[in-house]
Amino acid sequence: MDAMQLNGLALAYIGDSIYEVYIRKYVMSLGVTKVNMMHKKVINYTSGNAQALIIHYYLENNILTEEELGYFKRGRNSHIKSNRKNIELKDYLDATGFEALIGFLYLDNRIERLEELINIAIEVRKEA
C-alpha cells in the first residue's frame with residue numbers, strides 16, 4: 001500500500017487506531033488495571049481536543065519536517081463539514097490532520113519517527 005497515494009481521511013482513519021493502540025499500551029504500562037480508569041486516562045491523550053493541542057505543540061516548536069507538515073495539512077484540509085458537539089471545527093480539523101500524520105508514518109513504515117512523535121505527545125499531555 002502506497003501511503004503517499006491515500007487521501008487525508010484515509011490516513012486519519014488508520015492513524016486514529018494506531019495512535020489509540022500506542023496510548024492504550026502506554027496507559028497499561030502505568031499499572032492501571034481498571035478499565036474505566038484506563039479509559040479516562042486514554043481520553044486525555046486521544047480526544048480531538050487533546051490531539052489538537054498536541055499538533056499545535058508540534059507546530060509551535062517546529063517539530064515536524066516539511067513532508068510531515070504536508071501530510072498534516074492533507075488531513076486537516078479534508079472536506080469535513082459535520083459539526084462536533086464538544087470540539088470547535090478548527091480543532092477537529094487539526095486533530096484529523098494529526099491522525100493523518102500518524103497514519104502516514106505508520107503506513108510508510110517510519111516507525112522510529114512515529115514513536116518519537118508519540119513520545120512527545122505523551123510528554124505534552126502528561127503536563128496537562
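All heavy atoms count here, side chains included; hydrogens, waters and symmetry mates do not.
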| said: Between L64 and Y71, is the side-chain contact (heavy atoms from CB on, under 4.5 Å) condition met? List the steps. | reply: CA-CA 10 Å; L64 302 179; Y71 283 97; over 6 Å; no

For a quick test of reading the model, state the closest non-hydrogen atom pair linking [X] to [Y] and the distance between them.
X: R113; Y: T65; answer: NH2-N, 4.3 Å
X: I54; Y: Y45; answer: CD1-O, 4.0 Å
X: A95; Y: G48; answer: CB-O, 3.5 Å
X: G8; Y: A100; answer: O-CB, 3.6 Å

| query | Can you pull the salt bridge (Lys or Arg N to Asp or Glu O under 4.0 Å) pairs that have at least one residue in residues 92-107, sequence neighbours excluded? | reply |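 For residues 92-107: K90-D94.
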
| said: Taking salt bridge (Lys or Arg N to Asp or Glu O under 4.0 Å) as the cut-off, I'd like each qualifying pair that reaches into residues 8-23, sequence neighbours left out, listed once. | reply: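 Every pair satisfying salt bridge (Lys or Arg N to Asp or Glu O under 4.0 Å) with a residue in residues 8-23: E20-R24.
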
| said: So, using side-chain hydrogen bond (donor to acceptor under 3.5 Å, both in side chains) as the criterion, who are the partners of E88 when residues are at least two apart? | reply: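 Testing E88 for side-chain hydrogen bond (donor to acceptor under 3.5 Å, both in side chains), a comparison that skips the adjacent residues, returns none.
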
Could you list the donor-acceptor pairs under 3.5 angstrom formed by side chains in residues 103-112, with sequence neighbours left out?
{"from": "D108", "atom 1": "OD2", "to": "R110", "atom 2": "NE", "distance (Å)": "2.6"}
{"from": "D108", "atom 1": "OD2", "to": "R110", "atom 2": "NH2", "distance (Å)": "2.8"}
{"from": "R110", "atom 1": "NH1", "to": "E67", "atom 2": "OE1", "distance (Å)": "2.6"}
{"from": "R110", "atom 1": "NH2", "to": "E67", "atom 2": "OE1", "distance (Å)": "3.4"}
{"from": "R110", "atom 1": "NH2", "to": "E67", "atom 2": "OE2", "distance (Å)": "3.3"}

| Name the one of L114, L11, I14 that satisfies side chain to side chain contact (heavy atoms under 4.5 Å, CB included) with I102? |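 Between I102 and the candidates, side chain to side chain contact (heavy atoms under 4.5 Å, CB included) is satisfied uniquely by L114.
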
| message | Which residues pass the ring-ring contact (aromatic ring centres under 6.0 Å, His included) test with F72, not counting sequence neighbours? | response |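 Expected list: none.
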
Could you pull out every donor-acceptor pair under 3.5 Å between side chains of residues 32-43 and any protein atom, sequence neighbours left out?
none

| task | Evaluate whether atom OH of Y26 has more than 12 neighbouring non-hydrogen atoms of other residues, nucleotides or ligands under 6.0 angstrom away. | result |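 Atom OH in Y26 is crowded, with more than 12 foreign heavy atoms closer than 6.0 Å.
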
| When you measure from the side chain of N86 to the backbone N and O of N49, does any donor-acceptor pair fall under 3.5 Å? |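 Not a single qualifying donor-acceptor pair exists.
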
| message | List the residues meeting salt bridge (Lys or Arg N to Asp or Glu O under 4.0 Å) with E115, not counting sequence neighbours, and say none if there are none. | response |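 E115 satisfies salt bridge (Lys or Arg N to Asp or Glu O under 4.0 Å) with no residue once adjacent residues are dropped.
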
| Under the side-chain contact (heavy atoms from CB on, under 4.5 Å) test, which residues partner N7, sequence neighbours left out? |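 With neighbours one apart ignored, the set is L9, A10.
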
